[in-house]
> 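After the structure tokens below, expect a handful of questions from me.
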Amino acid sequence: MNRRDTFKTLFIGAVAGATISTTTGCKDETAVGKGITELPLYGRTPKEIEHDNKIMGEQYLNEHELATVAILCDIILPATTTAGSATDAEVPAFIEFMVKDLPDNQLPLRGGLMWLDREANQRFDIIFKDLTNSQQIEIIDDIAYPDPDNKKPEMAHGIKFFDLIRGLTVTGYYTSKIGMKDLGYVGNIPNVWDGVPDDVLKKHGMKYEAEWLAKCVDQSQRNVIAEWDEAGNLIT
Amino acid sequence: MQIIKSSKVYDAIIVGSGAGGGMAANQLANQGLKVALVEAGPFFDPKDPATKTQMKWAYESPRRGASTKRAFGDFDMSYGDWEVDGEPYTKKEGTEFMWWRSRMLGGRTNHWGRISLRFGPDDFKHKDIDGLGENWPISYDDVKPYYDKLDKMIGVFGSNEGRRNDPDGFFLPAPKPRLHELYYINAARKTGVDVIPSRLSILTKKLNNDRGVCFYCAQCNRSCGIYADFSSGSCLIFPAMANGGQIDLYNDCMVRSVTTDSEGKATGVSYIKKKDRREYQMKGKVVVLGASACSTARILMNSKSKQHPNGLGNSSDHVGRYLHDSTGAGRGAFVPALMNRKTYNEDGVGGLHVYSPWWLDNKKLDFPRGYHIEIWGGMGMPSYGFGWAADEMNKHIEGQVGGYGDKLRDDVKRFYGSYIGMAGRGESLAKYENRCTIDPNVVDQFGIPVLQFDYKWSDNERLQAKHMHDTFEEIIHNLGGIALGDKPGKDKDYGLLAPGQIIHEVGTTRMGDDPKTSVTNKFSQLHDAKNVFVVDAGVFTSQADKNCTWTILALAMRTSEYIAGELKKMNL
């Protein structure tokens, strides 16, 4: 069996019995998905494939927790007129994967979600997920900003938790296809770098000096084989 | 279980397939010699789609490139990092050392930064200048012809600047600076810090018909599938094999020791085949060690015999001594002028387009030896960790930290590409006391005794790191930036990184004319066994304020030429 066949076998094993993640518009518990269940080839060693498959075969967050995470993700990064929401970008599945990959985040996340439900119960006699949107926002507004002077000591643990879920959400979102598009990242494609665009140079009051440019590549000659004179001057 | 012995006799057995081993394999095979290349890790070819990480998107990794499984992130092309499963190393109490090992064909050349700096005339004779350390037994003029050949054979971009101790060469043209690098150029000049195009072994222009030209994906650390950057496999081993060279690859084979005869000459190597965990021996007329400075020292110290009771090449007790790494310290900054950027593709090459070579005279400073500055920044591909604390920058511009929704989205975009960072990489002084030895109590999973490190920085290095941080702050001020985090004070060794952490470890089999105070002679040949050579950075008498790879390659080329000549003369 060659490498790829091994991968395929392991992969099918991991998928069997797992729900395929479908996370469009999911405030509904059953549609939130179970985390990442399918991976493209990304240059793994056999040991690394084993680790990925082990993680994909496990479930850490339960359905209730995942549903709450999904609500939080979309409060943190809701859809705009031009970009999808955090759940559109499948951030909850990413978070489910990450807390298994980096288990140090498991307890802070699980405990934080419980803290949030208790806070909701205290205020409205109902768990967070079932609150109205404006009730949810009322709580979030109390924990979404740092409190360096400790003016709201009763919110301290909530603030800590929100910082974690926001970090995971932002990083999960902007490393996704949807997020990179929203950010405007346009790299990772073969191209020919020929310097900062003129309008950008102008805006920043910068220019390329002739002396420096003379040392730089003439991209029209990039496919001509390099030759030098004896003094080390490039002559092609 | 008995040791399985092969009757085949190679002209040369090369241990390790990184920069030094790869160059030796290339040169010796091109001379028509029969070569065995023994590598502790698996076969690796940067163009193999099964192992390739180049051009993958962050989201193709379920952890978005996080460093859970690979210390430098999911896409970094190194099998093995600060730790290798089943192959520990230890540290003497109260000392520190970090040791990076890549177990794969090509070794660490698959992921390295490609910074390719020649040592200058002063770097080989620094004792003549400041009375410290030891001079090399060779000079820049001895190595220059090999640097010249290397530039043309492998390719390095840069510029001829006429700087005395940063010699000119045969450079490919440099890429134009990115926006943050233009900011750096202005600020560095204002600070009195020199700045020139960087020198990286990446093909910005066609070098030959076997290798592609850089397409600016910024991912050299993932190893280039079209061979537009230097790695030992793509530029040395595969071309030599394609050229009809007789190279037998022994992958997943871990060399335990060099075997010797009754006269103390090497007869070959003893190695463990990882797949069956059995010990084998092969024979060679010459043994060339390029396992990396510390692994080579380990093999030599583990090669004890009646003729070499203290380990092979170790009659001087100098194997493992004078271990030294580059110094390192770094600082990041937030640059308000770089907020709200228009986005465009500024990936560029894998690494810096400009750098600052050492620009000062140590006679006027409170520490010996210099450092260079590497620069990072720009609008790179987001990966795990991106945006985590973006909103925190608000505290520097009277905005509100924290929040969610559209405000958060705006924050992330506003601060994208507004960071710049500097990393100082300097020369430490080689010390007799800093060393690796064989740990008397610990073996690896193959029963091979492991290394114990015993390394401490001195005030030479601490004061250099202090100077780096002072310089960084000045440059950050001059580019209108806000330095991030606190400036590390004396209690934190001024931010000096741990020994080994820069991954430039050298000196463990240093070359010299006196067999009592050195391990190898000026041709990297063991004083104690004339058919054993070292082609890794172990032979460095001293490090410079440069990266070591280009000098490893040049010296390996020079040593290979010597080996081929001596073999022809039947001198080995």
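Numbers restart at 1 for each chain; the letters A, B, ... are given by sequence-line order, proteins then strands. Just the heavy atoms: all of them, side chains too, but no hydrogens, waters or symmetry mates, feed the values below.
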> Is it the backbone or the side chain of A:Ile143 that comes under 4.5 Å from a heavy atom of chain B, or both, or neither?
neither
> Check each atom of B:Ala389 against the heavy atoms of chain A and say whether the ones under 4.5 Å are side chain, backbone, both or neither.
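Neither part; nothing is under 4.5 Å.
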> Is there a donor-acceptor pair under 3.5 Å between the side chain of A:Lys215 and the backbone N or O of B:Pro197?
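A pair under 3.5 Å: no.
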> Using a 6.0 Å distance limit plus a 45 degree cone around the ring axis, check whether B:Lys152 lies over the aromatic ring of B:Phe170.
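So B:Lys152 does make the cation-pi contact.
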> Below 4.5 Å from any heavy atom of chain B, which atoms of A:Asp229 appear? Answer side chain, backbone, both or neither.
backbone
> Would you mind checking which part of A:Leu234 comes under 4.5 Å of any heavy atom in chain B, side chain (CB onward), backbone (N, CA, C, O), both or neither?
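Looking at A:Leu234, just its side chain touches chain B.
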> Once you measure the plane-to-plane angle for A:Tyr145 and B:Tyr404, does it fall in the parallel (<30°), tilted (30-60°) or perpendicular (>60°) bin?
tilted
> Where on A:Ala214 is there a heavy atom nearer than 4.5 Å to chain B: the side chain, the backbone, both, or neither?
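Neither; nothing under 4.5 Å.
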> Which bit of A:Leu164 comes within less than 4.5 Å of chain B, counting heavy atoms only: side chain, backbone, both or neither?
both
> Measure distances from B:Pro42 to the heavy atoms of chain A and classify the residue's part below 4.5 Å as side chain, backbone, both or neither.
neither
> What part of A:Glu209 is in contact with chain B, defined as an atom under 4.5 angstrom from a non-hydrogen atom: side chain, backbone, both or neither?
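Answer is side chain: those atoms of A:Glu209 sit under 4.5 Å from chain B.
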> Between the side chains of A:Tyr185 and B:Asp347, is a donor N or O closer than 3.5 angstrom to an acceptor N or O?
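Yes, side-chain donor-acceptor contact under 3.5 Å.
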> Could you tell me whether the side chains of A:Tyr42 and A:Asp52 share a donor-acceptor contact shorter than 3.5 Å?
yes
> Dump the intermediate steps for side chain to side chain contact (heavy atoms under 4.5 Å, CB included) on A:Val196 and A:Tyr208, then the final yes or no.
CA-CA 9 Å; A:Val196 180; A:Tyr208 287 114; 3.2 Å; yes
> Between B:Ser159 and chain A, with a heavy-atom cut-off of 4.5 Å, which part of the residue counts as in contact: side chain, backbone, both or neither?
side chain
> So for A:Leu213, is it side chain, backbone, both, or neither that comes closer than 4.5 Å to the heavy atoms of chain B?
side chain
> What about B:Phe386 and B:Tyr416, are their ring centers closer than 6.0 Å?
yes
> Show the numbers, then the answer: is there a side chain to side chain contact (heavy atoms under 4.5 Å, CB included) between A:Phe161 and A:Leu109?
CA-CA 7 Å; A:Phe161 163 69; A:Leu109 190 70; 3.9 Å; yes
> Identify which part of B:Lys413 has an atom lying under 4.5 Å from any heavy atom of chain A, answering side chain, backbone, both or neither.
both
> Would you call A:Lys54 and A:Glu50 a salt bridge, taking side-chain N to carboxylate O under 4.0 Å as the test?
no
> Given that the side chain runs from C-beta out, which part of B:Tyr183 has a heavy atom under 4.5 Å from chain A: side chain, backbone, both or neither?
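Both parts, backbone and side chain.
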> Select one option (side chain, backbone, both, neither) describing which atoms of B:Gln400 are under 4.5 Å from chain A's heavy atoms.
side chain
> For residues 209-220 of chain B, which side-chain N or O atoms pair as donor and acceptor with protein atoms under 3.5 Å away, sequence neighbours left out?
{"residue": "B:Arg211", "atom": "NE", "partner": "B:Tyr227", "partner atom": "O", "Å": "2.7"}
{"residue": "B:Arg211", "atom": "NH1", "partner": "B:Ile154", "partner atom": "O", "Å": "2.8"}
{"residue": "B:Arg211", "atom": "NH2", "partner": "B:Tyr227", "partner atom": "O", "Å": "3.4"}
{"residue": "B:Arg211", "atom": "NH2", "partner": "B:Asp229", "partner atom": "O", "Å": "3.3"}
{"residue": "B:Tyr216", "atom": "OH", "partner": "A:Gln219", "partner atom": "NE2", "Å": "3.0"}
{"residue": "B:Gln219", "atom": "OE1", "partner": "B:Met55", "partner atom": "N", "Å": "2.7"}
{"residue": "B:Gln219", "atom": "OE1", "partner": "B:Arg222", "partner atom": "NH1", "Å": "3.4"}
{"residue": "B:Gln219", "atom": "NE2", "partner": "A:Asn188", "partner atom": "OD1", "Å": "2.7"}

> By a 4.5 Å heavy-atom criterion (distance strictly below it), what part of B:Leu203 contacts chain A: side chain, backbone, both, or neither?
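Contact with chain A is absent: no heavy atom of B:Leu203 under 4.5 Å.
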> Report which part of A:His51 has an atom under 4.5 Å of a heavy atom belonging to chain B: side chain, backbone, both, or neither.
side chain
> Please look at B:Glu181 and chain A and tell me whether the side chain, the backbone, both or neither of the residue comes under 4.5 angstrom of a heavy atom of that chain.
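Nothing of B:Glu181, per the 4.5 Å heavy-atom cut-off to chain A.
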> Holding to salt bridge (charged side-chain N to carboxylate O under 4.0 Å, His left out), I want the full list of residues that pass it with B:Asp74, two or more places apart in sequence or in another chain.
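In terms of salt bridge (charged side-chain N to carboxylate O under 4.0 Å, His left out), with neighbours along the sequence ignored, B:Asp74 is linked to A:Arg44, B:Arg63.
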> Answer with side chain, backbone, both or neither: which region of A:Thr169 has an atom nearer than 4.5 Å to a non-hydrogen atom of chain B?
neither
